[in-house]
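Below is one structure, written out as structure tokens; the observations come after it.
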Amino acid sequence: MILGQTTRKNFTQNPKNDILSGLTVALALVPEAVAFAFVAGVDPLVGLYGAFMMGIVTALFGGRPGMISGATGAMAVVMVHLIKKGNDVGLAMDAPIENLGLQWLFITLLFVGGIQILAGVFKLGKFVRLIPHPVMMGFVNGLAIVIFLSQLGLFKETVDGEKVFMTGTALYTMLGLIALTMGIMYGLPKLTKKIPAALLAIIVVATITIFGKLDVSTVGSFIRDGGGEGLQGGLPTFQDQIFGLFNTLDGHFLNVILPTAFILAAIGLIESLMTLNLIDDMTETRGNGNRECIAQGGANILNGFFGGMGGCAMIGQSIINVDSGGRGRLSGAIAAIALLCFVLFGAPLIEQIPIAALVGVMFMVVIGTFAWSSFRIIRKIPLSDAIVLIAVSAITVWKDLAVAVIAGVIISALVFAWKNATMIRARKRIQPNGTKTYEIWGPLFFGSIQNFNTKFDVKNDPEKVEIDFVESRVSDHSALEAIFNLVNKYEAEGKSIKLKHLSEDCKILLRKASPKFEEVIIEDIDDPRYHLAADPEKFTKPLSEYNI
């Protein structure tokens, strides 16, 4: 009974809010999917089909109710090189094949999906919880900047066959409509929250431009200016021809297809899991990262089979959905189905929506996404955290999200290791019987063993020495090697040494390294109960033979 209630609650808590927010998101998805299709160099319908299939699969089976997935710019910029390479190969063949790059993309998406499903099966999604907060803030700020910059391209118009920025009346009209959209989205929630502000803003601005016969850029003109023929299309079709094109890969599989698949899978999972984490914080609930990995993988495989461009979670549309009241799976499903209905039946109407209204919505998303508190806390947090925050933001804008997050995690890990390396301490005292005791404080691991070794005076210490690890954690094999070498140094000087309060794992490995540790280790009922990262049963050689 409880499981059934939870399932229904996940599907929809408030059907009206989910349906209205889903429709709002669908309208915002159209220009994004089309724009990213142009970035990747494919037909707009490929982007729209990709957004539909990503959206419906992840909405129903993903790990985060209310999160929206679709075609994304982060993945599109990687696809460009794959598609260009495939097209070049296709045209150079004895029997030229047009659009081979697009077919290669569909094949690549099959591998992308497989990699992402394996990530979910092996429960790698949980590692997103290890991402430090400065990295998360940097990700949010960087992505907000990327969303903002991506909207600036919509301020261009075609003049004499070239794209140039708007000037004069066209620019002022667009700015005015954007301001009106943002004003409605800012003011309406103060009056009522029964209607999604973004949806009403789009309807109001579209009504003004249509009935006022204003000459403004619309979804339809945007598609035609990009070389597309319009939104009208049919249902996605099974791409059976890709099975006959595997022979075109030849030597390109290992140097083009597979590396691109891993990059796309990594970018998709990182952006999806980071967005999941952000929506978790906004809704004060918790999603399932591993389930999301599997759903993302399944959606990308479906894209490969049915001719979509693939994608991942979209932070902007997810925030629109949550802010509009979409909390259940129904909201994402409605967004995806509505998007497909636009393609099948509503193209003439949707093409009349002014781009200014959608830009205004995305500008409000940027304002809501950016962590403005980072300006306030930047001088109050440690310098290392401030550097990580700024670096991740900059790299997200400069390169891509995956590189930025990986770089941020590496910097944070190195800073953490450096700080902990300096925390090792040794308190020394002489017992009444003349034994010198070293009480070790702090973590003993690869970064702190150098400081650990400097704490001991082997030559000048008395005949009996005792090392107490009660306030220290022996963390890795480098630490074990340091203990092993220290014992050897004392024994080489003919001195007796005893070790106290070691963990069970540590004692097992030291005894395997040498039988002499049976006498060196002092058993105690309050020895630590933590475990080392490795399974002691896997080590059969003496510890000193390992390259640690």
Test item: [X] and [Y] side chains (from C-beta on) under 4.5 Å apart, heavy atoms:
| X | Y | answer |
| --- | --- | --- |
| Leu82 | Lys85 | no |
| Met67 | Thr275 | yes |
| Val140 | Met274 | no |
| Phe262 | Pro259 | no |
| Ile387 | Leu383 | yes |
| Val366 | Met364 | no |
| Leu499 | Cys506 | no |
| Gln296 | Cys312 | yes |

Non-hydrogen atoms of [X] and [Y] that approach each other most closely:
| X | Y | value |
| --- | --- | --- |
| Ala51 | Leu339 | CB-CD2, 3.5 Å |
| Thr422 | Asn451 | CA-ND2, 3.8 Å |
| Met137 | Ser373 | CE-OG, 3.9 Å |
| Val392 | Val135 | CG1-O, 3.7 Å |
| Met362 | Gly316 | CE-CA, 4.4 Å |
| Met314 | Ala71 | CE-O, 3.2 Å |

- Message: Quick test of your reading: applying salt bridge (charged side-chain N to carboxylate O under 4.0 Å, His left out), list the pairs with at least one residue in residues 291-305, sequence neighbours left out, ordered by first then second residue.
- Response: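 Every candidate salt bridge (charged side-chain N to carboxylate O under 4.0 Å, His left out) pair involving residues 291-305 fails, so no pair, neighbours aside, qualifies.
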- Item | Pairs flagged by salt bridge (charged side-chain N to carboxylate O under 4.0 Å, His left out) wherever residues 263-285 is involved - sequence neighbours left out |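 For residues 263-285, and leaving out neighbouring residues, the salt bridge (charged side-chain N to carboxylate O under 4.0 Å, His left out) pairs sorted by first residue read Arg64-Asp280, Arg129-Asp280.
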- Message: Would Gln239 and Thr237 count as a side-chain contact (heavy atoms from CB on, under 4.5 Å) here? Give the steps.
- Response: CA-CA 6 Å; Gln239 305 294 310; Thr237 57; 3.4 Å; yes
Measure the spacing between [atom1] of [X] and [atom2] of [Y] and express it to the nearest 0.5 Å.
| X | Y | atom1 | atom2 | answer |
| --- | --- | --- | --- | --- |
| Leu502 | Glu523 | CG | CD | 9.5 Å |
| Ile301 | Leu110 | CD1 | CG | 6.5 Å |
| Leu480 | Ile508 | CG | CD1 | 11.5 Å |
| Thr24 | Ile19 | OG1 | CD1 | 12.0 Å |
| Ile440 | Ser472 | CD1 | OG | 6.5 Å |

Considering residues, nucleotides and ligands other than [X], do more than 12 of their heavy atoms fall under 6.0 Å from its [atom1]?
| X | atom1 | value |
| --- | --- | --- |
| Phe253 | CZ | yes |
| Phe246 | CZ | yes |
| Phe122 | CZ | no |

- Message: Pair Asn485, Glu481 - check side-chain contact (heavy atoms from CB on, under 4.5 Å), show working.
- Response: CA-CA 6 Å; Asn485 291 334; Glu481 183 73 7; 3.8 Å; yes
- Task: Check the pair Asn303 / Met54 against side-chain contact (heavy atoms from CB on, under 4.5 Å), numbers first and verdict last.
- Result: CA-CA 8 Å; Asn303 268 274; Met54 290 299 305; 3.5 Å; yes
- Item | Residues Glu471, Arg425; criterion salt bridge (charged side-chain N to carboxylate O under 4.0 Å, His left out); working and verdict | CA-CA 10 Å; Glu471 296 294 340; Arg425 297 286 187 273; over 6 Å; no
- Please step through side chain to side chain donor-acceptor pair (under 3.5 Å) for the pair Trp104 and Thr248, ending with a clear verdict. CA-CA 9 Å; Trp104 276 17; Thr248 64; 3.1 Å; yes
- Determine whether the aromatic ring centres of Phe306 and Tyr49 lie less than 6.0 Å apart.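 Distance test on ring centres: not under 6.0 Å, no.
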- Trp372 and Phe370 aromatic ring geometry - parallel, tilted or perpendicular at 30°/60° bounds: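 Taking Trp372 first and then Phe370, their aromatic rings sit tilted (interplane angle of 30° to 60°).
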- Task: Assess the side chains of Asn141 and Ser374: does a donor N or O sit below 3.5 Å from an acceptor N or O?
- Result: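 There is such a pair (donor and acceptor under 3.5 Å, judged by atom type) between the side chains of Asn141 and Ser374.
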